[in-house]
Structures are given as structure tokens and as C-alpha cells.
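Take a look at the structure below.
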Amino acid sequence: MATDSWAQAVDEQEAAAESISSLQIKDKPEENGTVSNATEPSSGAAKSEADGKTKTADEDDKEDKAAQSLLNKLIRNDLVNTTNQVEVLQKDPNSPLYSVKSFEELRLKPQLLQGVYAMGFNRPSKIQETALPMMLAEPPQNLIAQSQSGTGKTAAFVLAMLSHVDPNNKYPQCLCVSPTYELALQTGKVIEQMGKYYPEVKLVYAIRGNKLQRGMKLQEQIVIGTPGTMLDWCSKFKFIDPKKIRVFVLDEADVMIATQGHQDQSIRIQRMLPKNCQMLLFSATFEESVWSFAQRIVPDPNIIKLKREEETLDTIKQYYVLCNSKEEKFHALCNIYGAITIAQAMIFCHTRKTAGWLAGELSREGHQVALLSGEMQVEQRAAVIERFRDGKEKVLVTTNVCARGIDVEQVSVVINFDLPVDKDGNPDNETYLHRIGRTGRFGKRGLAINMVDSKMSMNILSRIQEHFNKKIERLDTDDLDEIEKIAS
Ligand SMILES: Nc1ncnc2c1ncn2[C@@H]1O[C@H](COP(=O)(O)OP(=O)(O)OP(=O)(O)O)[C@@H](O)[C@H]1O
């Protein structure tokens with residue numbers, strides 16, 4: 001069919017463009033390179049680690065994951081609610097494993113307990129319950145911990161670092177490696193907040209653009225930075241004596257390994273550290289590649305994993321709408337618009353271009369919609385999501401790339417304006433589940449509407465239906481009564 005080949009060609013081209021997302025480069029810290037834990041980095045024109053080079057596909061992918069991670073941090077205002085169970089694999093199964101239900105039980109320094117409460121934490125999160133006693137144990141224990149984004153990993157290792165440093169010793173004792181400049185700054189902020197009542201402990205950022213005088217020795221106890229600069233500071237410039245490091249944290253390992261260079265640099269740093277240095281590695285996901293990297297970095301680890309929540313489509317009603325073209329899909333969408341805006345809806349398109357077009361057309365029809373697009377900077381995307389979450393717009397038009405990880409509880413309708421397909425044009429079942437799984441959360445009912453505009457997309461829909469073994473029923477968009485019944 002003509003529509004098929006047209007749509008496919010355009011989509012392939014645009015999907016390739018979609019994978020390139022930009023990370024906003026923030027200001028660089030003070031020229032002397034040091035930032036105390038009470039000070040914000042000042043402005044300047046720092047460059048990203050990848051700046052000035054031709055980007056490889058790997059780097060694009062890394063940026064995308066890093067941008068996603070940063071976006072998650074910027075839009076999140078709470079601990080992510082998880083019903084998952086924690087799975088613990090101890091290096092020594094005979095040693096008793098403690099799990100704490102309160103921060104008091106950890107016997108933290110009073111200044112740190114004050115910091116924790118000032119941040120509004122009342123009790124440890126699931127991952128913190130198990131990870132904190134291990135991290136604070138004497139002798140120190142190594143740890144590999146996986147837990148989804150937003151479950152409290154950063155807060156956990158920051159507390160561990162602040163607990164282990166000796167403020168009387170004026171040299172670096174904890175190194176924390178993050179995949180990008182921006183992520184390092186975010187973690188630095190948590191250290192500053194949590195260490196607010198412990199001003200003797202100082203922090204410095206080992207990030208590109210932070211020029212130190214040759215021959216100087218750092219006096220700050222905690223160094224946070226990106227792997228390249230951190231490695232230079234340890235080996236080439238010797239600002240840090242790696243032999244004195246007591247805690248080494250590798251954060252966002254899944255983002256880190258998207259760049260081979262970062263992986264190698266992290267391993268080189270780790271090799272310079274003393275045998276008794278505590279190694280802590282954190283990741284939101286745990287596929288094979290992360291796992292093998294983790295094992296190279298962390299000897300004899302304790303392992304904490306979150307068991308996967310059962311993914312189910314049971315509470316989501318799925319429908320499809322049959323059309324002949326993109327324009328017909330648009331008209332069908334306008335027909336059901338009133339019904340879907342009873343609650344909040346997300347509309348997914350395959351490409352930025354379609355998303356932009358659709359948002360424009362909907363606005364021209366007088367509908368108030370938000371557009372979340374890959375070319376926006378991370379902070380702009382965060383602002384769009386924030387507005388949507390606050391209900392300022394009822395409909396969000398977006399693509400896969402920038403919608404990953406968005407958790408808006410009140411979304412009860414998901415529309416696949418384009419069905420999710422992979423590079424080869426086969427159904428992308430995982431993305432389908434991910435998209436429509438935004439509705440029906442925590443047992444609430446949800447509605448998913450798939451727009452089909454060709455034989456090819458009908459075929460894709462049938463294959464998705466077979467994969468999940470769930471019936472997707474046809475919806476007649478001219479029958480408004482039926483739609484309102486479903487949506488309400
Ligand atoms: N025990 C707690 N009680 C309440 N809020 C918490 C607690 N621990 C962390 N938070 C808050 O929850 C949010 C997520 O925590 P945190 O950033 O530590 O998660 P994370 O797992 O490190 O996320 P990411 O994978 O994105 O780095 C933050 O806003 C943090 O301040």
C-alpha cells in the first residue's frame with residue numbers, strides 16, 4: 001500500500017533522528033575547582049565530556065540514557081512507590097543480615113540524622129532498609145545494588161559516604177563516579193543537603209573545566225565527578241592519593257557502561273584503590289552487561305536486587321480504531337477527544353515530526369495540549385512534564401524516547417497514534433507494554449486506544465494481541481456514547 005511505504009520511509013528516517021537527544025550543559029564550578037558543601041557551583045561555560053568530538057552511536061545512546069536519568073531526577077518530587085520485594089544475596093551467608101525500619105537504628109552521627117530529617121525522610125525506603133546496614137557495617141562490605149530509578153539509592157550511598165569520612169583528615173576519602181557532568185552535580189546537591197549540619201565535611205567536583213593548580217593536593221574529603229577527570233586527578237595530576245580512599249561509589253552503572261571509555265576509566269580508578277576500600281555500585285537496571293561490569297569493579301559483593309513487579313495488562317481495556325490515513329486518525333482522535341479528556345491522556349507517536357504535527361493540528365482545533373519532544377532540553381522537558389502532572393494540560397503528545405520513565409498517576413487513557421515498531425518494522429511488544437502500562441497503575445482501570453491506518457499496522461496489532469494473549473477490540477469512533485461509556 002502506498003501509505004505503508006510512505007509511512008515506513010518517513011518513520012525510519014525520523015526514528016533515527018529521534019534517538020539523538022540533547023543534554024543541556026550546565027555551568028561550571030569555580031575556577032579554583034573547589035566547591036564547599038555549602039556552595040552552589042557558579043556560572044561559566046563548561047563543556048560536556050563529549051563536546052567537540054564527532055558523536056558515535058554509542059555516545060548518542062549514552063546521552064539519551066543520561067538525559068533520561070537526569071530528567072527523572074528533575075521531575076521527581078518524591079520517593080517512587082514500589083511494591084517490589086528486595087532480594088538479597090550475601091557474600092557470606094552465615095553473617096547476620098540486618099534490616100532497619102528506622103534511621104535511628106542505624107546509629108548515624110547526630111548531624112547526619114538531622115540532615116536526613118531536614119530532607120523530609122521519615123523512614124528508610126525499601127532499598128535503604130537493607131543497603132544501609134551493609135554499607136555502614138564494620139568492617140566495610142562491598143555492595144552491588146539494583147533498584148529502579150527514584151527508590152532512594154543516591155540518598156543511601158550519600159549517607160554511607162558521609163558516615164565514613166573523618167572530617168579531621170584533610171584529604172579525599174570517598175570517590176563517587178557519575179556518568180555525566182550534570183548527574184554528578186545532582187548527586188553533589190544531595191551530599192550538600194544531607195551534609196548541611198556537618199559543615200566540616202567538604203566536597204569537590206572532579207569534572208571537566210574544573211582546573212586545579214598543578215601540584216596541589218585536595219583537602220576535601222569527598223570527590224564527586226566523571227570518570228575521565230577523576231582518573232586524571234588520581235593518576236596524571238595526583239591531586240588525589242588513591243591509596244587513602246576508603247569508599248568508592250560507582251553510580252548509574254547502566255548509564256556508565258553505555259560508553260566504553262567510561263567503563264575502562266572506572267576500572268582503572270578502581271585498580272588504584274587499596275584492597276580494603278569499600279566498593280559500592282548502583283544501577284537502576286541489571287541486564288547482563290551491567291552485571292559483568294559490576295563484577296569486575298566490585299570484588300566479593302553483597303548483592304541487593306529488586307524483584308520484578310509482575311507486569312500485567314489485566315486492568316487495562318484495549319481497543320483499536322480503524323482508519324485509512326494519518327488525517328483520518330487525526331479526525332478519529334478529535335471525535336474521541338471530549339471523552340478522553342475526562343481524565344488525562346498521553347498520545348504516543350513514532351517520530352518527533354508526527355508528534356509535532358499532531359500537537360499543532362490539535363491546537364488549531366482549539367484543544368490545549370502539551371508536546372514533549374526529543375529536541376527539547378532536559379529542563380524544558382521537565383517543565384512540560386511538571387505542568388502535565390499538575391493537570392495544567394490534559395493531553396500530552398509525545399514519542400517513546402522522551403516518555404520513558406514518566407510516571408503520571410492520573411493518566412487513564414493512552415493512545416497509540418502510531419503503533420510501536422522496532423527498527424525492522426516488527427511489533428515492539430516491550431514498548432507497547434511500557435506505553436500502555438502508564439495507565440492502570442496500582443490496580444486502577446485504564447484505557448488504551450490503538451490507531452490502525454494500514455494493512456501493515458493491522459498486522460502489527462494482531463501480533464501484539466497474540467503476544468499478550470489479550471483481546472484488543474474494535475472501537476467505532478462515530479459512536480460517542482460507547483466511547484464515553486468506556487472512558488468513564
Ligand atoms: N527514605 C526516604 N524517605 C523519603 N524520601 C526519600 C527517601 N530516600 C530518598 N527520598 C527521596 O526520593 C527521591 C528519589 O531518591 P533518590 O534520588 O535517592 O533515588 P535513586 O534510586 O537514586 O534514583 P536514580 O536511580 O534516578 O538515581 C528523592 O527526591 C529523594 O530525596
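Both counts, for ligands and for their atoms, begin at 1 and track the order of listing. Computed over heavy atoms, backbone and side chain alike; hydrogens, waters and symmetry mates excluded.
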Exercise. Hey, is ligand 1 close enough to K153 that some N/O pair sits below 3.5 Å?
Worked result: yes
Seminar exercise, completed: Near F103 (heavy-atom distance under 4.0 Å), the atoms of ligand 1 are 1 (N)
Exercise. Hey, are R389 and E386 close enough for a salt bridge, meaning a charged N less than 4.0 Å from a carboxylate O?
Worked result: yes
Exercise. By number and element, which atoms of ligand 1 are closer than 4.0 Å to a non-hydrogen atom of G150?
Worked result: 14 (C), 19 (O), 20 (P), 21 (O), 23 (O), 24 (P), 25 (O), 26 (O)
For this session: Give the atoms of ligand 1, by number and element, whose distance to some non-hydrogen atom of R123 is under 4.0 Å.
Result: 1 (N), 2 (C), 3 (N)
Seminar exercise, completed: Counting from 1 in the order shown, the ligand 1 atoms closer than 4.0 Å to a non-hydrogen atom of T154 are 17 (O), 18 (O), 20 (P), 22 (O), 27 (O)
Problem set entry | Single hit among V165, L280, V223 for side-chain contact (heavy atoms from CB on, under 4.5 Å) with C174 | V165
Seminar exercise, completed: Numbered in order shown, the ligand 1 atoms found under 4.0 Å of a heavy atom of E252 are 27 (O)
For this session: Could you tell me how the ring of F103 sits relative to the ring of Y117: parallel (under 30°), tilted (30 to 60°) or perpendicular (over 60°)?
Result: perpendicular
Problem set entry | Per-atom contacts of ligand 1 with Q128, taking only distances under 4.0 Å to non-hydrogen atoms | 1 (N), 2 (C), 7 (C), 8 (N), 9 (C)
For this session: Could you tell me which atoms of ligand 1, counted from 1 in the order shown, lie closer than 4.0 angstrom to a heavy atom of S125?
Result: 1 (N)
Exercise. Which residue from S147, G120, S69, G152 reaches closest to atom 15 (O) of ligand 1 through any of its heavy atoms?
Worked result: G152
Problem set entry | Check against ring pair (Phe, Tyr, Trp, His ring centres under 6.0 Å), F157 and F282 | CA-CA 9 Å; F157 70 72; F282 295 83; 5.1 Å; yes
Exercise. Which one of I347, L371, V413 satisfies the side-chain contact (heavy atoms from CB on, under 4.5 Å) criterion with V395?
Worked result: I347
Exercise. Between S283 (side chain) and A253 (backbone), is there a donor-acceptor pair under 3.5 Å?
Worked result: no
For this session: Quick one: do D390 and K392 satisfy salt bridge (charged side-chain N to carboxylate O under 4.0 Å, His left out)? Show the steps, please.
Result: CA-CA 6 Å; D390 291 347; K392 294 197 173 102; 3.8 Å; yes
Exercise. Purely on distance, is any nitrogen or oxygen of N122 under 3.5 Å from one on ligand 1?
Worked result: no
Exercise. Between R123 and E129, is there a salt bridge with N-O shorter than 4.0 Å?
Worked result: yes
Exercise. Under 3.5 Å, N or O to N or O, is A155 touching ligand 1 that way?
Worked result: yes
